[in-house]
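Computed from a predicted structure; not experimentally measured. Note that ligands are numbered from 1 as they come in the structure, with each ligand's atoms numbered from 1 the same way.
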Amino acid sequence: MQLTALCTVLATLRVLPNRSQFFQYESVSFRCEGNSSEWKVKRNTSRNTNEECPHDSGRQNLYHCVIGDLYSFDSGVYWCESAAGRCSDSVSIAVSAGSVILESPLLPVMEGEPVTLICRNQTSALSADFYKDGRLTRSSSSGNITIHRVSKSDEGLYKCIISDGEQSPESWLAVRAERQESPAPPPVLVVLPVCGVCLALGSLMLLGLWRNRKDADTASTYSTVRT
Ligand SMILES: *[C@@H]1O[C@H](CO)[C@@H](O)[C@H](O)[C@H]1NC(C)=O
Ligand SMILES: *[C@@H]1O[C@H](CO)[C@@H](O)[C@H](O)[C@H]1NC(C)=O
Ligand SMILES: *[C@@H]1O[C@H](CO)[C@@H](O)[C@H](O)[C@H]1NC(C)=O
Ligand SMILES: *[C@@H]1O[C@H](CO)[C@@H](O)[C@H](O)[C@H]1NC(C)=O
Ligand SMILES: *[C@@H]1O[C@H](CO)[C@@H](O)[C@H](O)[C@H]1NC(C)=O
């Protein structure tokens, strides 16, 4: 996910309700939070790329895009854009034409953090099998599974299937590495020469002090002698 370098202020895309999957006819609002008033919410769907997110009347002041009735063709990737370009992470939204959705994080999750996936209909969590990249990964009678410490290998496309065979759309779980390692040399390579220089300077200073001290001592001895 490379953001354009032209963005001087990065935005955060807030989605309300805060989830990755929706039922048909539900409504959803998108808001860009950042220092500019010039944000637009853009989207790529199966029908259009780089389309401005439509918004229904009302709530324009707070929300940059409000969709009152979601349909499966609203499924796609959404992001914030200013004149400078794309200035937020993009989020993926899936609209189910059926009665089952998978609740999963919208934004990438940090490595090591817990993640809970919930399989549910409009009213309750449902006993389900959870699939990752098309393969059964776990089953849960309470309708939710938790990965306690998520790792890069947990990244993938998740969905759930309930006992009568109905399934949710798939959503991508993204995992972000704990910290971006800089391509700088490993610390030891930097620390060693620096230490070497410090030690050398330190010894020189100590030597200097010792000399001064010695001179001073001799001087005072001489003066004592003189008085
Ligand atoms: C955001 O806007 C506020 C108020 O206009 C300003 O004080 C602040 O410096 C701005 N921050 C950035 C990162 O542009
Ligand atoms: C949207 O689609 C266009 C054309 O396929 C692609 O170049 C662009 O990267 C997509 N944007 C996002 C945020 O996925
Ligand atoms: C949405 O949920 C994620 C975790 O599930 C959380 O980190 C994020 O702060 C939430 N955003 C809002 C606007 O509530
Ligand atoms: C959701 O599932 C529960 C448990 O199976 C069921 O009782 C309820 O009627 C379902 N709700 C809807 C809206 O389908
Ligand atoms: C997952 O299911 C367990 C067992 O029913 C329940 O205690 C827990 O609150 C559920 N977690 C979520 C996030 O729904």
Practice prompt. State whether any protein heavy atom lies less than 4.0 Å from atom 2 (O) of ligand 2.
Written response: yes
Worksheet item: Starting from atom 8 (C) of ligand 2, which protein heavy atom do you reach first, and at what distance in Å?
Response: Asn44 ND2, 3.7 Å
Item to complete: Could you tell me the separation between the CD1 atom of Ile161 and the CG atom of Leu126, rounded to the nearest 0.5 Å?
Response: 13.0 Å
Worksheet item: Which residue holds the protein heavy atom closest to atom 4 (C) of ligand 4, what is that atom called, and what is the gap in Å?
Response: Leu126 CD2, 3.8 Å
Worksheet item: Any idea which protein heavy atom is nearest atom 13 (C) of ligand 4, and the distance to it?
Response: Gln122 CB, 3.9 Å
Fill in: Of all pairs that satisfy ring pair (Phe, Tyr, Trp, His ring centres under 6.0 Å), the ones with a partner from residues 77-128, not counting sequence neighbours
Phe30-Tyr78
Fill in: Cys87/Cys32 sulfur gamma separation below 2.5 Å
no
Worksheet item: Does Ser124 have a heavy atom less than 4.0 Å from any atom of ligand 4?
Response: yes
Worksheet item: Does an N or O from Asn121, backbone or side chain, lie closer than 3.5 Å to an N or O of ligand 4?
Response: yes
Worksheet item: Going by atom types alone, do Thr116 and Thr146 pair a side-chain donor with an acceptor below 3.5 Å?
Response: yes
Worksheet item: Side chain of Asn48, backbone of Thr45: donor and acceptor closer than 3.5 Å?
Response: no
Worksheet item: Based purely on interatomic distance, does Asn144 place a nitrogen or oxygen under 3.5 Å from a nitrogen or oxygen of ligand 5?
Response: yes
Worksheet item: With ILVMFWY side chains joined below 4.5 Å, transitively, what does Val150's cluster contain besides itself?
Response: Leu102, Val109, Val115, Leu117, Phe130, Ile145, Ile147, Tyr158, Leu173, Val175
Discussion item. Taking atom NZ as the centre, does Lys152 end up with more than 12 heavy-atom neighbours from other residues, nucleotides or ligands that are less than 6.0 angstrom away?
Written reply: yes
Discussion item. To check your reading of the model: name the closest protein heavy atom to atom 5 (O) of ligand 5, its residue, and the distance in Å.
Written reply: Ser142 CB, 3.3 Å
Worksheet item: Under 4.0 Å from atom 11 (N) of ligand 4, do we find at least one protein heavy atom?
Response: yes
